[in-house]
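Shown next, in structure tokens, is the structure this report addresses.
In this text, all values refer to a predicted model and were calculated from it rather than measured experimentally.
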Amino acid sequence: MNPTNENIVWHDYLITRQSREKIYGHKGAVLWFTGLSGSGKSTLAGATEHALAAVGVKTYLLDGDNVRHGLCRDLGFSDADRQENIRRIGEVAKLMVDAGLIVATAFISPYREDRERVRNLFEADQFFELHVATPVEICEQRDPKGLYKQARAGKIKQFTGIDSPYQEPLQPELRIDGDQIIADSVAQIIALLSIKRVINS
């Protein structure tokens with residue numbers, strides 16, 4: 001149930017996002033990694049965070065599995081629950097960007113509408129949709145968690161890429177080849193952030 005508007009007021013404080021960004025020396029932003037299970041999202045998000053942290057950038061990584069252990073532990077994998085999962089992550093990411101962080105998120109987030117809803121929470125050049133474009137055949141060959149095998153056996157229902165759709169981004173800020181060397185992919189992402197003046201070159 002949504003709280004009534006008259007009982008909730010947004011509070012502004014003396015320390016703003018801009019003042020935090022000035023202290024950190026970079027802007028806050030979201031790197032929204034999206035792709036099929038096994039596409040390499042989490043690995044690439046982790047490698048990107050490591051590269052950014054190595055040069056002093058303040059970061060945080062929100063991983064799909066980790067979030068479902070806590071914040072979204074009450075949600076399943078129905079369409080409604082997936083939508084709510086992404087809504088919650090979007091709101092958390094917004095708070096982290098307000099804190100001046102560069103937030104990497106690694107979620108399948110299969111529906112364009114949900115990803116666009118999150119994008120609309122942010123200002124221009126705060127949200128970067130990064131499509132890790134690994135074909136389902138390759139993801140299924142990798143199958144690091146054995147999830148595709150379980151889905152094919154009917155043990156997991158509504159599994160993205162098998163019996164539930166994945167809607168590829170139409171105009172992502174970056175489309176990344178899932179077979180590309182990770183260091184090269186990270187370099188692409190760092191270059192994008194530099195071009196957009198999120199970080200200093």
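Arg88 meets the side chain to side chain donor-acceptor pair (under 3.5 Å) test with Asp74, Glu84; sequence neighbours excluded. When the salt bridge (charged side-chain N to carboxylate O under 4.0 Å, His left out) test is applied to Asp79, no partner is found at least two apart in sequence or on another chain. Evaluation of the side chain to side chain donor-acceptor pair (under 3.5 Å) rule for Ser109 yields Trp32, Thr34 as partners, not counting sequence neighbours. Contacts of Thr43 classified as side chain to side chain contact (heavy atoms under 4.5 Å, CB included), with partners at least two apart in sequence or in another chain: Ile182. Under the salt bridge (charged side-chain N to carboxylate O under 4.0 Å, His left out) criterion, Asp179 pairs with Arg142, sequence neighbours left out. Residues passing the salt bridge (charged side-chain N to carboxylate O under 4.0 Å, His left out) test with Glu113, sequence neighbours excluded: Arg117. Every salt bridge (charged side-chain N to carboxylate O under 4.0 Å, His left out) that Arg17 has, sequence neighbours left out, goes to Glu21, Glu123. Annotation: ring pair (Phe, Tyr, Trp, His ring centres under 6.0 Å) contacts of Phe128 (sequence neighbours excluded): none.
Between Ile102 and Ile199, the closest side-chain pair of non-hydrogen atoms falls below 4.5 Å. Inter-residue side-chain proximity for Pro165 and Thr160 is flagged as unmet; no heavy-atom pair is nearer than 4.5 Å. Within the 4.5 Å cutoff, no side-chain heavy atoms of Leu52 are placed close to those of Glu49. Proximity of Phe33 to Thr105: side-chain heavy atoms (C-beta onward) are nowhere separated by under 4.5 Å. At a threshold of 4.5 Å between non-hydrogen side-chain atoms, the residues Arg152 and Lys149 do not count as touching. A heavy-atom distance below 4.5 Å is not found between the side chains of Val132 and Asp177. Using a 4.5 Å heavy-atom threshold, the side chains of Leu62 and Phe107 count as touching.
Hydrophobic clustering, defined by side-chain heavy atoms of Ile, Leu, Val, Met, Phe, Trp and Tyr closer than 4.5 Å, leaves Leu170 isolated from every other such residue.
With Asn85 contributing its side chain and Ile89 its backbone, the two residues share no donor-acceptor pair below 3.5 Å. A donor-acceptor contact shorter than 3.5 Å links the side chain of Lys41 to the backbone of Gly35. Side-chain atoms of Thr48 come within 3.5 Å of backbone N or O of Leu44 as a donor-acceptor pair. Looking at Asp163, its side chain does come within 3.5 Å of a backbone N or O of Gln158 through a donor-acceptor pair. Proximity of a side-chain donor or acceptor of Asp143 to a complementary backbone N or O of Gly38 within less than 3.5 Å is not detected. Distance alone, capped at 3.5 Å, is enough to place a donor-acceptor pair between the Glu173 side chain and the Glu129 backbone.
Taking each heavy atom of Cys139 and Leu36 in turn, the nearest pair found is SG-CB, 3.9 Å. Val136 approaches Gly161 most closely through the heavy-atom pair CG2-O, 3.9 Å. The two residues Met96 and Tyr60 come nearest to each other via the heavy atoms CE-CD2, 3.5 Å. The minimum heavy-atom distance linking Gly25 with Asn200 is given by the pair O-ND2, 3.3 Å. Nearest heavy atom pair, residue Gly100 against residue Tyr24, reads O-CD1, 3.5 Å. Here the shortest heavy-atom pairing between Ala151 and Ile162 reads CB-CG1, 4.2 Å.
Among residues at least two apart or in separate chains, side-chain hydrogen bond (donor to acceptor under 3.5 Å, both in side chains) pairs with a member in residues 181-192 are Gln180-Ser185, Gln180-Gln188. Screening residues 94-106 for salt bridge (charged side-chain N to carboxylate O under 4.0 Å, His left out), with sequence neighbours left out, gives Arg20-Asp98. Residue pairs meeting the ring pair (Phe, Tyr, Trp, His ring centres under 6.0 Å) criterion with at least one member in residues 149-192, sequence neighbours excluded: His131-Tyr166, Tyr148-Phe159.
Heavy-atom neighbours of Ile181 CD1 from other residues, nucleotides or ligands within 6.0 Å: at or below the threshold of 12.
Rounding to the nearest 0.5 Å places CD1 of Ile86 at 6.5 Å from CG of Asp114. Residue Gln83 holds its CD atom at 11.0 Å from CG of Leu75, rounded to the nearest 0.5 Å. Taken to the nearest 0.5 Å, the OG1 atom of Thr59 stands 9.5 Å off from the CG atom of Leu31. Distance CD/Gln126 to NZ/Lys196: 13.0 Å, rounded to 0.5 Å.
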Assess whether side chain to side chain contact (heavy atoms under 4.5 Å, CB included) is satisfied between Ser164 and Arg82, documenting all intermediate values.
CA-CA 12 Å; Ser164 186; Arg82 290 180 186 206; 3.7 Å; yes
Steps toward side chain to side chain contact (heavy atoms under 4.5 Å, CB included) verdict (Ile189, Ile176):
CA-CA 9 Å; Ile189 295 165; Ile176 300 165; 3.9 Å; yes
Could you go through the side chain to side chain contact (heavy atoms under 4.5 Å, CB included) check for Leu192 and Val198 one step at a time?
CA-CA 9 Å; Leu192 174 65; Val198 175; over 6 Å; no
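Grouping the Ile, Leu, Val, Met, Phe, Trp and Tyr side chains by contacts below 4.5 angstrom, directly or via other members, places Leu121 with Phe127.
Using a 4.0 Å cut-off between charged nitrogen and carboxylate oxygen, Glu168 and Arg112 do not count as a salt-bridge pair.
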